[in-house]
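Accompanying notes for the structure given below.
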Amino acid sequence: KSNEVRLGSPSARWLMGNNLFVGSNGAMSWLVVSNGARVENFDGILANSSASSNNVALVTGSGSTWSNRGDLTVGFSGRDNQLLVSNGGFVFNRCGYLGRQPGSSNNVARISGSGSVWSNQFYLMVGGNDRSNRLIVEAGGLVTCSDGIVSGSSSSGNSEVLVTGPGSL
C-alpha cells in the first residue's frame with residue numbers, strides 16, 4: 001500500500017522481461033515516468049486484485065515512454081485507478097483495457113495535451129466487465145487502436161469515451 005516509483009530523467013530506464021504491476025494487491029501506489037524516462041515490460045497491470053484501488057500511472061513530458069510489449073490494463077479487478085498521459089508522454093501496448101473484470105469500476109484514462117499518445121496496436125476496451133469506466137482525450141491528446149469497444153458486456157454499462165478540445169483525436 002502507498003508505494004511509489006519515480007523515473008525522472010532522460011537517462012532513467014526501467015527495463016524488465018516480464019510484467020509490471022502497480023498496486024498488485026494494495027491501494028494508492030504510483031508509477032511516475034517523466035522528463036524523458038522510459039519503462040519497458042511485457043504486460044502492464046494497474047490494480048490486479050479487488051483489494052487494489054486508487055493506483056496511478058503518470059507518463060508526462062516529451063520523450064517519456066511506457067512501452068508494454070503485451071497488454072495494458074487499468075483496473076484488472078480493482079476500482080478507481082488512473083492512467084494519466086500528459087505533456088507529450090507516450091504509452092504503447094498491444095491491447096488496452098479500462099476496467100477488465102467484475103469489480104473494476106470507476107477507472108479513468110486521461111490523455112491530455114498536444115503530443116500525448118496512448119497507442120493500442122490492436123483493440124481498446126473501455127468497460128470490459130464492470131461499469132463507469134472513462135476514457136478522456138483532451139487538449140490535443142491522441143488515442144489510437146484498430147477496434148474500439150465501449151461497454152463490452154451487459155454488466156459494463158455507464159462507461160464512456162469523451163474526446164474534447166481542439167486537435168484531440
(request) Report the C-alpha distance between Asn120 and Asn93 in whole Å, list the side-chain angles of each, state the deciding distance to 0.1 Å, and finish with yes or no for side-chain contact (heavy atoms from CB on, under 4.5 Å). (result) CA-CA 5 Å; Asn120 298 271; Asn93 47 268; 2.8 Å; yes
(message) The test is side-chain contact (heavy atoms from CB on, under 4.5 Å); show your working for Ser67 and Arg38 and say whether it passes.
(response) CA-CA 8 Å; Ser67 179; Arg38 179 177 180 85; 3.8 Å; yes
(message) Is any side-chain heavy atom of Leu83 closer than 4.5 Å to one of Trp118?
(response) yes
(message) Looking at every non-hydrogen atom in both residues, tell me the closest pair between Ala139 and Ser168 and how far apart they are.
(response) N-OG, 3.1 Å
(request) For Trp66 and Leu31, run side-chain contact (heavy atoms from CB on, under 4.5 Å): C-alpha distance rounded to whole Å, both residues' side-chain angles, the deciding distance at 0.1 Å, then the answer. (result) CA-CA 10 Å; Trp66 184 10; Leu31 170 66; 4.2 Å; yes
(message) Can a side-chain donor-acceptor contact be found between Ser86 and Ser116 if the only test is distance below 3.5 angstrom?
(response) no
(message) Is the shortest side-chain heavy-atom distance between Phe90 and Ser64 below 4.5 Å?
(response) no
(message) Could you measure the distance from the CD1 atom of Ile136 to the OG atom of Ser112? Nearest 0.5 Å is fine.
(response) 9.5 Å
(request) May I ask whether Leu46 and Leu7 are part of the same hydrophobic cluster, defined by side-chain heavy atoms of I, L, V, M, F, W, Y residues being less than 4.5 angstrom apart, directly or through others? (result) yes
(request) Side-chain contact test, heavy atoms from C-beta onward, threshold under 4.5 Å: evaluate it for Leu162 versus Val137 and give yes or no. (result) no
(request) Is it possible for you to say whether Val85 and Leu20 belong to one hydrophobic cluster, with membership spreading through side-chain heavy-atom contacts below 4.5 Å? (result) yes
(message) Under the side chain to side chain contact (heavy atoms under 4.5 Å, CB included) test against Val59, which residue among Thr65, Ile111, Val91 passes?
(response) Val91
(message) When you measure from the side chain of Asp71 to the backbone of Asp43, do you find a donor-acceptor pair of N or O atoms at a distance under 3.5 Å?
(response) no
(message) So, taking the atom named CG in Asn106 and the one named CG in Leu98, what distance separates them when rounded to the nearest 0.5 Å?
(response) 10.5 Å
(request) Compare all side-chain heavy atoms of Trp14 with those of Val5 and state whether any distance is below 4.5 angstrom. (result) yes
(request) Indicate, with yes or no, if Phe122 and Phe92 share a hydrophobic cluster defined by side-chain heavy-atom contacts under 4.5 Å among Ile, Leu, Val, Met, Phe, Trp and Tyr. (result) no
(message) Ignoring hydrogens, what is the shortest heavy-atom contact between Leu124 and Tyr97? Give both atom names and the distance.
(response) CD1-N, 4.3 Å
(request) Please step through side-chain contact (heavy atoms from CB on, under 4.5 Å) for the pair Val143 and Leu135, ending with a clear verdict. (result) CA-CA 9 Å; Val143 174; Leu135 170 62; 4.2 Å; yes
(request) Any chance you could measure Asn18, atom CG, to Asn41, atom CG, to the nearest 0.5 Å? (result) 9.0 Å
(message) If we ignore hydrogens and angles and just use 3.5 Å, is the side chain of Asn35 paired with the main-chain N or O of Gly8 as donor and acceptor?
(response) yes
(request) State, yes or no, whether a side-chain contact exists between Arg110 and Glu138 at a heavy-atom distance under 4.5 Å. (result) yes
(request) Decide whether Asn55 and Asn81 meet the rule of one side-chain donor and one side-chain acceptor closer than 3.5 Å. (result) yes
(request) Quickly, which of Arg69, Met16, Arg13 forms a side chain to side chain contact (heavy atoms under 4.5 Å, CB included) with Glu40? Name it, please. (result) Arg69
(message) If hydrophobic clusters are built from ILVMFWY residues whose side chains come within less than 4.5 Å, do Val74 and Val56 share one?
(response) no
(request) Would you check if the distance from the ring center of Phe21 to the ring center of Phe76 is below 6.0 Å? (result) no
(message) Between Ser29 and Asn3 (side chain of the first, backbone of the second, donor and acceptor by atom type, cut-off under 3.5 Å), is there such a pair?
(response) yes
(message) Can you see whether Ser105 engages Arg79 through a side-chain donor-acceptor pair at a distance of less than 3.5 angstrom?
(response) yes
(request) State whether the side chain of Thr73 and the backbone N or O of Gly75 hold a donor-acceptor pair below 3.5 Å, judged by distance alone. (result) no
(request) Locate the shortest heavy-atom distance separating Val126 from Val161; write the atom from each residue and the value. (result) CG2-CG2, 4.0 Å
(message) Between Thr60 and Gly89 (side chain of the first, backbone of the second, donor and acceptor by atom type, cut-off under 3.5 Å), is there such a pair?
(response) no
(message) Working to the nearest 0.5 angstrom, can you tell me the gap between Asn68 CG and Gln121 CD?
(response) 12.0 Å
(message) Rounded at 0.5 Å granularity, tell me how far OG in Ser77 sits from CG in Asn25.
(response) 10.0 Å
(request) Determine whether the side chains of Asn133 and Asn107 contain a donor N or O and an acceptor N or O closer than 3.5 Å. (result) yes
(request) Keeping the roles fixed (side chain from Ser52, backbone from Ser24), state whether a donor-acceptor pair exists under 3.5 Å. (result) yes
(request) Quick one: pull up CG in Asp80 and OG in Ser104 and give me the separation to the nearest 0.5 Å. (result) 10.5 Å
